[in-house]
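Because the structure is a prediction, the values reported are computed rather than measured. Hydrogens, waters and symmetry mates are skipped; everything else that's a heavy atom, side chains included, is used. Naming: A, B, ... by sequence-line order, numbering from 1 per chain.
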2 protein chains.
Amino acid sequence: MKLKTKGRYAVMAMADLAIFKDEGPISLTDISLRQNISLAYLEQIFIKLKQENLVKSVRGAKGGYVLESPPEEIKISHIISAVDEEIKTLNCKKESKRGCNNKSSKCITHNLWDQLDQHINSFFEKIKLQDLVKKNQMIDK
Amino acid sequence: MKLKTKGRYAVMAMADLAIFKDEGPISLTDISLRQNISLAYLEQIFIKLKQENLVKSVRGAKGGYVLESPPEEIKISHIISAVDEEIKTLNCKKESKRGCNNKSSKCITHNLWDQLDQHINSFFEKIKLQDLVKKNQMIDK
DNA sequence: TTTAATTCATACTGAAACAGTAGGATTTCT
DNA sequence: AGAAATCCTACTGTTTCAGTATGAATTAAA
């Protein structure tokens, strides 16, 4: 059970934007260097973040990205879902022949995984971007 | 972010054992049919469950597996960790060149993922095998 | 004592997903 | 004009997943 890099990188990049939010548009090159993430990969991630109105872009030289909302209003859950990081620990789809055959009756553990999903999602719902930044600043001192 | 089948199947199979715990050793063939899981795959899973003393085996004809402890004492977390289903949403190993370079300083989001792991683990810690079986019986009625 | 049912052990494999790379087009500041 | 940036989309090597396959060892029952 692992988080995919897209979700992780997205949160890292958004936290970076939050930290430098008063310095105008931040270029992906900067984030790439600071967070040690491939530039081209970041580009893909930011297209999705933009589609979800989490950031807005400024094109051309001296351009970059800016947060759409203040960090205390941005939920981690929103960032992660924006980049297609699904929190679906169980996929009981029609195709799946094995394990859970949800046609007849739910598998014994069906409720368990549903609850797990809720548990994880509620974790991400409670945490805002600002919470990460605060922590980071405290560590710096 | 998905659970792997091994973890899911292990919990399903253990729940099956719990339900039929008074009928002597349960063969993997039975579990395979009831839970719709490949027999050969179940064999691999049960070798690990046995190593962790979650079940004991009875070899030969009329053999099978039996729970080592009563279902109310078996934590879901134990089952899942037994089959190598790691709850490590972030792997900050030395090999990883990208993202988190924990040589110099922890990445901004390091604490977040640590907390997430704890959150998920505590979920599995609280739930016992018996809890699944009870639910299942209620649904049956 | 043979047969069938079972666990035990390990090697192999097709398919899918992941984590990027690559290449170019477009926009805008200087 | 040129450089710095976003934008867009296709491609790809590697790894992991989810099993299969095969055979050996063990034991109950006929």
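For the pair Ser32(B) (side chain) and Ile37(B) (backbone), a donor-acceptor distance under 3.5 Å is present. The main-chain N or O of Asp30(B) is found under 3.5 Å from a side-chain atom of Ser27(B) such that the two form a donor-acceptor pair.
Pairs engaging residues 62-74 of chain B under the side-chain hydrogen bond (donor to acceptor under 3.5 Å, both in side chains) rule: none recorded [sequence neighbours left out]. Residue pairs meeting the side-chain hydrogen bond (donor to acceptor under 3.5 Å, both in side chains) criterion with at least one partner in residues 39-57 of chain A, sequence neighbours excluded, are Thr5(A)-Tyr41(A), Lys48(A)-Asp84(A), Lys50(A)-Ser57(A), Glu52(A)-His78(A).
Nucleotide dT12(D) holds its P atom 18 Å from the OH atom of Tyr41(A), rounded to whole Å. Computed from coordinates, the Lys2(B) NZ to dT15(D) P distance equals 21 Å when rounded to whole Å. dA5(D) atom P lies 12 Å from atom OH of Tyr65(A), rounded to whole Å. Atom-to-atom, CG of Leu39(B) to P of dA18(D) comes out at 18 Å; the value is rounded to the nearest Å. When rounded to the nearest whole Å, the span between NZ of Lys50(B) and P of dT26(D) equals 12 Å.
From Leu67(A), atom CG reaches atom CG of Leu49(A) across 10.0 Å, with rounding to the nearest 0.5 Å.
DNA chain D is contacted by Arg59(B), Gly60(B) of residues 51-60 of chain B, taking any non-hydrogen atom closer than 4.0 Å.
Nucleotides of DNA chain C with any atom under 4.0 Å from a heavy atom of chain A span, from 5' to 3', dC18(C) to dC29(C).
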What does the list of N/O pairs under 3.5 Å between the protein and nucleotides 9-11 of chain D look like, with a distance for each?
none

Return a table of donor-acceptor pairs under 3.5 angstrom between the side chains of residues 116-124 of chain B and protein atoms on other chains or two or more places apart.
from	atom 1	to	atom 2	distance (Å)
Asp117(B)	OD1	Thr89(B)	N	2.9
Asp117(B)	OD1	Thr89(B)	OG1	2.7
His119(B)	NE2	His119(A)	O	3.1
His119(B)	NE2	His119(A)	NE2	3.1
Asn121(B)	ND2	Asp117(B)	O	3.1
Ser122(B)	OG	His119(B)	O	3.0

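Residue Leu3(B) is the one, among Leu3(B) and Lys62(B), whose nearest nucleotide of DNA chain D lies closer to the 5' end (criterion: closest heavy atom).
We find that Lys134(A) and Asp131(A) are joined by a salt bridge, their nearest charged nitrogen and carboxylate oxygen being less than 4.0 Å apart.
A side chain to side chain contact (heavy atoms under 4.5 Å, CB included) with Met14(A) is found for one member of Ile19(A), Ile45(A), Leu54(A) and no other, namely Leu54(A).
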